K.L.:
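The structure is given below, and queries will be raised subsequently.
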Amino acid sequence: SKMTNSQYFWIPRNEAGTSSTLYTMLDIARAGYLEARPIHPEKIDRVLRASWKFVSDGQYETIRTVNRMMVDLSTHGAFLGDCDDAAVMAAAMLLRWKRLVLMFDKKTGSPGAHAWFVAMRPPKETAFAHVFVVAQMDDGHTFRIDPTVPPDAPYAGWESMLVPIF
């Protein structure tokens, strides 16, 4: 299929493309989640921070597949990419975790757990400039998986656009 054979996807840069970009990211995460490591959601940010090398897309915004990022990890010893790539990998890890929970705990399957892609637009800007994942556990504990910026990066006053992962 197109998803598993492609290494990169080119996406529109303008604001109108933000929603479709988030859904493309979801498609990429869903297509490749079985290649991602199954990591407990509350540890994903720390794991990605420890093994992420920020690489800017340059002139054209691109999204790496999960397979491409796993190859980068094995060849370069680090995941490579920017915030949208990190969000895709986080989503894939969450989807893999969710599948394992369903396999081993068929009664609950972690029904209260949720996750979203969150695109952020700085105040007075016209374009969304950043994306990360927010996860919520069964007990309601909610946290950000945002490994390409400092852990306490402030987003007060920023506008957000959410797309559910699960």
Side-chain angles (χ1 to χ4, degrees), residues 1-12 17-58 60-106 108-120 128 130-138 141-149 151 161-166:
S1 81
K2 178 182 169 192
M3 283 292 169
T4 55
N5 293 332
S6 297
Q7 297 297 308
Y8 300 94
F9 290 83
W10 278 265
I11 56 175
T18 301
S19 178
S20 65
T21 298
L22 294 173
Y23 282 102
T24 298
M25 290 168 60
L26 181 58
D27 288 344
I28 293 169
R30 285 178 173 161
Y33 81 95
L34 288 174
E35 298 181 66
R37 295 175 173 175
I39 296 172
H40 190 279
E42 294 181 61
K43 295 181 179 175
I44 293 173
D45 187 78
R46 185 170 63 236
V47 166
L48 290 179
R49 280 179 190 283
S51 55
W52 200 270
K53 182 178 181 199
F54 188 89
V55 176
S56 177
D57 287 332
Y60 299 102
E61 187 69 39
T62 61
I63 304 171
R64 288 166 174 80
T65 62
V66 175
N67 176 264
R68 172 80 258 154
M69 289 186 275
M70 294 307 293
V71 168
D72 290 340
L73 180 63
S74 64
T75 13
H76 303 289
F79 294 110
L80 306 177
D82 62 7
C83 62
D84 50 53
D85 304 308
V88 165
M89 182 54 73
M93 289 174 164
L94 286 166
L95 288 163
R96 180 76 187 272
W97 167 82
K98 181 92 166 152
R99 180 183 166 115
L100 284 176
V101 170
L102 284 168
M103 283 172 55
F104 294 111
D105 187 3
K106 292 194 179 359
T108 67
S110 202
H114 301 283
W116 302 266
F117 285 120
V118 182
M120 300 297 292
F128 285 83
H130 187 57
V131 63
F132 54 85
V133 169
V134 168
Q136 181 178 59
M137 303 302 292
D138 284 328
H141 176 227
T142 303
F143 51 93
R144 193 166 74 194
I145 303 171
D146 193 9
T148 64
V149 297
M161 179 187 296
L162 279 65
V163 166
I165 298 166
F166 59 79

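This one's a predicted model, so the numbers in the text were calculated from it and none came from an experiment.
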K.L.:
Supply the atom-to-atom distance Arg96 CZ to Leu94 CG, rounded to the nearest 0.5 angstrom.
P.N.:
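If we round to the nearest 0.5 Å, Arg96:CZ and Leu94:CG are 13.0 Å apart.
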K.L.:
Quick one, Lys53 and His76 - any side-chain contact, counting heavy atoms below 4.5 Å?
P.N.:
no
K.L.:
Applying side chain to side chain donor-acceptor pair (under 3.5 Å), name anything that partners Arg46, two or more places apart in sequence or on another chain.
P.N.:
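Per chain and number, Arg46 pairs via side chain to side chain donor-acceptor pair (under 3.5 Å) with no residue.
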K.L.:
Take Ile63 and Val88 through the side-chain contact (heavy atoms from CB on, under 4.5 Å) test and state the conclusion after the steps.
P.N.:
CA-CA 8 Å; Ile63 304 171; Val88 165; 3.7 Å; yes
K.L.:
Do the side chain of Asp45 and the main chain of Asp146 share a donor and acceptor less than 3.5 angstrom apart?
P.N.:
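Here the side-chain-to-backbone pair exists.
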K.L.:
What's the spacing between Met25 CE and Phe117 CZ if we round to 0.5 Å?
P.N.:
4.5 Å
K.L.:
For Pro164 and Leu26, which heavy atoms make the closest approach, and how far apart are they?
P.N.:
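What the structure gives for the nearest pair is O-CD2, 3.6 Å.
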K.L.:
Under the 3.5 angstrom rule, does the side chain of Trp52 hit a backbone N or O of Val47 as a donor-acceptor pair?
P.N.:
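It does not hold such a pair.
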K.L.:
Please round to the nearest 0.5 Å and tell me the distance separating atom CG of Leu80 and atom OG of Ser51.
P.N.:
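Reported to 0.5 Å precision, the distance equals 10.5 Å.
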K.L.:
Answer whether the closest heavy-atom distance between the side chains of Leu73 and Met70 falls below 4.5 Å.
P.N.:
yes
K.L.:
Name all residues meeting the salt bridge (Lys or Arg N to Asp or Glu O under 4.0 Å) criterion together with Asp57; count only those two or more places apart in sequence or in a different chain, and write none if there are none.
P.N.:
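By the salt bridge (Lys or Arg N to Asp or Glu O under 4.0 Å) rule, Asp57 matches Arg64.
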K.L.:
So, do Lys98 and Ile165 sit near enough that their side-chain heavy atoms are less than 4.5 Å apart?
P.N.:
no
K.L.:
Just jot down the side chain to side chain donor-acceptor pair (under 3.5 Å) partners of His40, sequence neighbours excluded, or say none.
P.N.:
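Scan of His40 (side chain to side chain donor-acceptor pair (under 3.5 Å), adjacent residues dropped) gives none.
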K.L.:
Go through the structure and list residues passing salt bridge (Lys or Arg N to Asp or Glu O under 4.0 Å) with Arg37, not counting sequence neighbours.
P.N.:
none
K.L.:
Residues two or more places apart in sequence or in another chain: which of them pass ring pair (Phe, Tyr, Trp, His ring centres under 6.0 Å) with Tyr33?
P.N.:
none
K.L.:
Tyr23: which residues meet the ring pair (Phe, Tyr, Trp, His ring centres under 6.0 Å) condition with it, sequence neighbours left out?
P.N.:
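Per chain and number, Tyr23 pairs via ring pair (Phe, Tyr, Trp, His ring centres under 6.0 Å) with no residue.
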K.L.:
Do the side chains of Arg30 and Phe166 get nearer than 4.5 Å, heavy atoms only?
P.N.:
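Not in contact.
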K.L.:
Could you tell me whether the side chain of Asp82 reaches within less than 4.5 Å of the side chain of Ser56, counting heavy atoms only?
P.N.:
no
K.L.:
Does the side chain of Arg99 come within less than 4.5 Å of Leu34's, by heavy atoms?
P.N.:
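Of all side-chain heavy-atom pairs linking Arg99 with Leu34, at least one is under 4.5 Å.
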K.L.:
Rounded to the nearest 0.5 Å, how far apart are OG1 of Thr65 and CG of Asp85?
P.N.:
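Here the interatomic distance stands at 9.5 Å.
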K.L.:
What pair of heavy atoms forms the shortest contact from Met137 to Pro41, and how long is it?
P.N.:
SD-CB, 3.8 Å
K.L.:
Suppose we screen for ring pair (Phe, Tyr, Trp, His ring centres under 6.0 Å). Which residues come up paired with His141, at least two apart in sequence or across chains?
P.N.:
Phe143
K.L.:
Among residues at least two apart in sequence or on other chains, which ones pass side-chain contact (heavy atoms from CB on, under 4.5 Å) with Ala90?
P.N.:
Ile44, Leu48, Val133, Ile145
K.L.:
Quick one: list whatever passes ring pair (Phe, Tyr, Trp, His ring centres under 6.0 Å) with Phe132, sequence neighbours left out.
P.N.:
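Once residues adjacent in sequence are excluded, the partners of Phe132 under the ring pair (Phe, Tyr, Trp, His ring centres under 6.0 Å) criterion are His130, Tyr155.
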K.L.:
Minimum heavy-atom separation for Phe54 and Thr148, please, with both atom names.
P.N.:
CD1-CB, 3.9 Å
K.L.:
The criterion is side-chain contact (heavy atoms from CB on, under 4.5 Å); which residues satisfy it with Ala36, sequence neighbours excluded?
P.N.:
Val66, Met89, Ala92, Met93
K.L.:
Atom CG in Leu22, atom CG in Asp27: separation rounded to 0.5 Å?
P.N.:
11.0 Å
K.L.:
Suppose we screen for side chain to side chain donor-acceptor pair (under 3.5 Å). Which residues come up paired with Thr142, at least two apart in sequence or across chains?
P.N.:
Gln136
